[in-house]
Structure formats: C-alpha cells, structure tokens
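Worksheet for the structure shown next.
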Amino acid sequence: MDRAQMRQWALARREAIVPEVRRAWDAAIWQGVKEILSTLPAAQPWIGGYWAVRAEPDVLTPLAAWTARRGMGLALPAALQKAVPLVFRPWSPGAPMTRDVFGLPVPAGEEAVWPTVLLVPLVAFDAAGYRIGYGGGFYDRTLAAYRAAGRPVTAIGVGYECTRLPDTHPGVHDLPMDWIVTEAGAFQPAARKRA
C-alpha cells in the first residue's frame, strides 16, 4: 500500500468502531495520556489538544477538566492557511468558536499561544512513532517550526490500535511522535534512523 491507501484503510477501520467500543477505548486512551502528562514537569503552561473529527479519539472533555484543575491553559489548533504551521488558540468549554480554512471548529479570536505539549490525532501510525494524518503536513510543519524557534514540545500521538501499521513509509519531512497512546497503552517509540 502507498500512503494514500494506508490512510483510506485506517480511516475505514476507525470509522467502523461501534460507539460503545469507541467510548471505552477513548476512556482507556485518556488514562494513558493522563499518565504521560503526569510525568512531565509541572510547569507546562499550555497543553495543545484537538477537536475530534472523523472518528478520532475524543479526549477533549477530560483533558479540559484535567488542565483546569492544574491551572494550565488548553489550546486548540487552527489551520489559517494551507501548507503553513498550525496556530494554537486558547480554548475552554463553552468558548466561542469559528471555522478554519477546512471548515473545522476552532476557537474564535486572534490570541495565539505556544503549547509545550501537543496531542496529535493519528489516522495511522507505526512502532517507530511515525504517523499518517490527513495529508496536509500541518503537524509536521508545526513541530518543525517549534524546533526551528527553539521551543521545546512533547508530541503525544493519539490513535486506535487497529490503525497500527508495520511501516508508514515516512517521507523526509515526517517527524516522529515522542509518545503514542492507544487503547492498548502508551509507548515511547524509538524513531528509525534515516540513511
């Protein structure tokens, strides 16, 4: 399979998960995410979440409660233009929303923040920590921009075990996740070395 075929295969598998199973898996995924967040230094001013679409794992509600209890900010991504890094805007439950260039819900307003942790939705992934998204390269550009600006960031990939692949055949611009969390647990991948 090429990457486009892998994406379609994984989306079909993800969309076939029945609601009761999805809720149970999302709860297990949240537990894994929470365990990782609890091990990170306490001074994490902003956590970057995401608004679940297209049958992505949904951990936003417990993440919002968790960050609020700890006095941390929660931000959601906005794609303001194609082929540029994402912008993260502060968000809390009930906050006004608007739409980005793809019609996805994003926080209204112009304020942007730099989260130190990003939860990254996975369409598919491999054991080396590489992911397949929707094909726009937004998270890879965002992670590259953070690194170029000298801003440390921990990328936690969030997905379902049924979309794991032996190899996603990453391209030269693809960046691995620091962690992957599925309903089966969390692991810290050892990204493959490139020739």
| said: Whether the side chain of Gln5 engages the backbone of Asp2 through a donor-acceptor N/O pair (distance < 3.5 Å, no angle test) should be reported. | reply: yes

| query | Shared ILVMFWY cluster between Val106 and Tyr139, side chains joined below 4.5 angstrom? | reply | no

| field | Nearest-0.5 Å distance that lies between atom CZ in Arg89 and atom CD in Glu111 | value | 10.0 Å

| request: If the plane angle is over 60° it's perpendicular, under 30° parallel, otherwise tilted; pick one for Phe138 and Phe102. | output: perpendicular

| said: What verdict does the side chain to side chain contact (heavy atoms under 4.5 Å, CB included) test give for Phe125 and Glu161, after you've listed the backbone C-alpha separation in whole Å, the side-chain angles of each residue and the deciding distance to 0.1 Å? | reply: CA-CA 9 Å; Phe125 66 97; Glu161 194 65 32; 4.3 Å; yes

| query | Could you state the interatomic distance from CD (Glu183) to CD (Gln31), rounded to the nearest 0.5 Å? | reply | 14.0 Å

| Any idea which heavy atoms bring Leu175 and Arg147 closest together, and the distance? | CD1-NH1, 3.5 Å

| field | Shortest non-hydrogen separation from Pro77 to Leu86 and the atoms involved | value | CB-CD1, 3.9 Å

| Ile180 side chain reached by Val158 side chain, heavy atoms, under 4.5 Å | no

| task | Take Asp126 and Arg164 through the test side chain to side chain contact (heavy atoms under 4.5 Å, CB included) and record every step on the way to the result. | result | CA-CA 6 Å; Asp126 62 27; Arg164 182 191 290 247; 5.8 Å; no

| query | Please walk me through it: do Ile17 and Cys162 pass side chain to side chain contact (heavy atoms under 4.5 Å, CB included)? | reply | CA-CA 9 Å; Ile17 302 167; Cys162 64; 4.1 Å; yes

| remark: One should read off an interatomic distance between Tyr50 OH and Leu76 CG, to the nearest 0.5 angstrom, of 11.0 Å

| query | Would the number of heavy atoms belonging to other residues, nucleotides or ligands and lying under 6.0 Å from CD of Glu110 be above 12? | reply | no

| task | Would you please indicate yes or no on a ring centroid separation below 6.0 angstrom for Trp114 and Tyr146? | result | yes

| Thr163 versus Arg131: any side-chain heavy-atom pair under 4.5 Å? | no

| task | Of all the heavy-atom pairs spanning Pro107 and Pro90, show the shortest one and how long it is. | result | CB-O, 3.4 Å

| query | Out of curiosity, does Tyr160 fall in the hydrophobic cluster containing Val21 (side-chain heavy atoms, cut-off under 4.5 Å, transitive links)? | reply | yes

| task | Ignoring hydrogens and angles, tell me if any N or O in the side chain of Asp100 forms a donor-acceptor pair with the backbone of Ala78 under 3.5 Å. | result | no

| Minimum heavy-atom separation for Ala52 to Glu56, with atom names? | CA-OE1, 3.5 Å

| task | Give a yes or no answer on whether the side chain of Arg14 reaches the backbone of Arg54 with a donor-acceptor pair at less than 3.5 Å. | result | yes

| Are Thr154 and Asp178 close enough that a side-chain donor and a side-chain acceptor fall under 3.5 Å? | no

| Heavy-atom check, side chain of Trp51 versus side chain of Asp58, under 4.5 Å | no

| field | Spacing of CD1 belonging to Ile47 relative to CG belonging to Leu40, to within rounding of 0.5 Å | value | 7.0 Å

| Tyr130 and Thr168: which non-hydrogen atoms are nearest, and at how many Å? | CB-OG1, 3.4 Å

| Say you draw a straight line from CE of Met177 to CG of Leu122; how long is it, rounded to the nearest 0.5 Å? | 7.0 Å

| task | State whether the side chain of Arg22 and the backbone N or O of Ala55 hold a donor-acceptor pair below 3.5 Å, judged by distance alone. | result | yes

| Do Tyr134 and Val84 share a hydrophobic cluster (ILVMFWY, side-chain heavy atoms under 4.5 Å, transitive)? | no

| Taking C-beta and beyond as the side chain, do Val120 and Ile156 meet within less than 4.5 Å on heavy atoms? | no

| message | Is it the case that the side chain of Asp140 and the backbone of Gly137 share a donor-acceptor pair, with hydrogens and angles ignored and the cut-off at 3.5 Å? | response | no

| note | To the nearest 0.5 Å, atom CH2 of Trp46 lies from atom CH2 of Trp91 at 12.0 Å

| How far apart are the C-alpha atoms of Leu74 and Leu60, what are their side-chain angles, what is the distance that settles it, and do they pass the side chain to side chain contact (heavy atoms under 4.5 Å, CB included) test? | CA-CA 10 Å; Leu74 178 56; Leu60 188 56; 3.9 Å; yes

| message | Grouping I, L, V, M, F, W and Y whenever their side-chain heavy atoms are under 4.5 Å apart, do Ile29 and Phe187 come out in a common cluster? | response | yes

| Shared-cluster residues of Met1, by chain and number - hydrophobic side chains joined below 4.5 Å | Met6, Trp9, Ile132, Leu165

| ILVMFWY cluster, Leu143 and Val87 together (side-chain gap under 4.5 Å) | no

| query | Closest heavy-atom contact between Ala127 and Pro189? | reply | O-CB, 3.2 Å

